[in-house]
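To keep things clear, I will list the structure first and then write my remarks on it.
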Amino acid sequence: MEVLFPFGYGLSYTQFTLSHLHIVKQNQPYLYEVSLEIKNTGNCFGKEVVQLYVGDRTGSASRPIKELKGFQKVALQPGETKQVIFQLDERSFAWYNEGMKDWYAASGEYEIMVGTSSRDMRLKDTIMLESEKEAPLFVEENTVVE
């Protein structure tokens, strides 16, 4: 449903651009560094909240299209640019698997999205996550076997 004011919506006397999204896998499993630049392109001092979302595209569970995983409020003078850095870890990708009784991040594609509100995703990229855990297979009366 379309809303008048999405999560994170705010008014400002200036404008901001987001650019240079970089996602770097760190030396530890599930650990990623996400960096980007924000620039005040207007004529006034202003503050903006940069929001980081992750979308699970693995199809392994019924999850929201995107989940908020981090945010930072940035204050900028006119023409000023700053770098914003986020860290994503295993819990950033995981969901609670009742069968395993533990948090589980499935292997597959995850979309990384950065914006200024839940409806304003300005930067996007995808990563391929390799899980170190394997989810147990559950067969029910509605499970399709080919």
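This one's a predicted model, so the numbers in the text were calculated from it and none came from an experiment.
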Quick one: [atom1] on [X] to [atom2] on [Y], what's the gap to the nearest 0.5 Å?
X	Y	atom1	atom2	answer
K69	I112	NZ	CD1	10.0 Å
K25	M128	NZ	CE	12.5 Å
W95	S60	CH2	OG	5.5 Å

Margin query: Students often mix this up, so state it plainly: with edges at 30° and 60°, are the rings of H20 and H22 parallel, tilted or perpendicular?
Written below: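 Plane angle under 30°, so parallel.
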
Checklist line | side-chain contact (heavy atoms from CB on, under 4.5 Å) partner of V34, chosen from I85, V84, L88 | finding: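 That would be L88; it is the only one of I85, V84, L88 passing the side-chain contact (heavy atoms from CB on, under 4.5 Å) with V34.
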
Next item on the list: Identify whether F71 and Y53 are in the same connected component of the hydrophobic contact network (ILVMFWY, side-chain heavy atoms under 4.5 Å).
Entry: yes

Notebook entry, point to check: Same cluster or not: are L21 and M121 linked, directly or through other Ile, Leu, Val, Met, Phe, Trp or Tyr residues, by side-chain heavy atoms under 4.5 angstrom apart?
Noted result: no

Checklist line | Full working for side-chain contact (heavy atoms from CB on, under 4.5 Å) between F5 and S117 | finding: CA-CA 9 Å; F5 302 106; S117 85; over 6 Å; no

Check: Does the side chain of E33 pick up a donor-acceptor pair with the side chain of Q87 at under 3.5 Å?
Finding: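 The criterion, which ignores hydrogens and geometry beyond distance, is satisfied for Q87 and E33.
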
Item checked: Side-chain donor-acceptor pair present, T116, R122, cut-off under 3.5 Å -> yes

Next item on the list: For side-chain contact (heavy atoms from CB on, under 4.5 Å), just list the numbers for R57 and I65, CA-CA rounded to whole Å, side-chain angles, deciding distance to a tenth of an Å, and then say yes or no.
Entry: CA-CA 9 Å; R57 303 296 178 253; I65 295 170; 4.0 Å; yes

[X] side chain to [Y] main-chain N or O, any donor-acceptor pair under 3.5 Å?
X	Y	value
N40	C44	yes
Q26	V24	yes
S131	S107	no

Note to self: Between the side chains of K66 and E111, is the shortest nitrogen-to-carboxylate-oxygen separation below 4.0 Å, so that they form an ion pair?
What the structure shows: no

Item checked: side-chain contact (heavy atoms from CB on, under 4.5 Å) between T17 and K39, intermediate numbers included -> CA-CA 5 Å; T17 59; K39 181 176 184 176; 3.6 Å; yes

Margin query: Walk me through whether V50 and V114 qualify under side-chain contact (heavy atoms from CB on, under 4.5 Å).
Written below: CA-CA 7 Å; V50 180; V114 180; 3.6 Å; yes

Checklist line | Heavy-atom pair of closest approach, residues S12 and F16 | finding: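 Between these two residues, the closest heavy atoms are OG-CE1, 3.9 Å.
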
Next item on the list: Would you confirm whether the ring centroid of Y32 sits within less than 6.0 angstrom of the ring centroid of F93?
Entry: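 Centroid separation for F93 and Y32: below 6.0 Å.
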
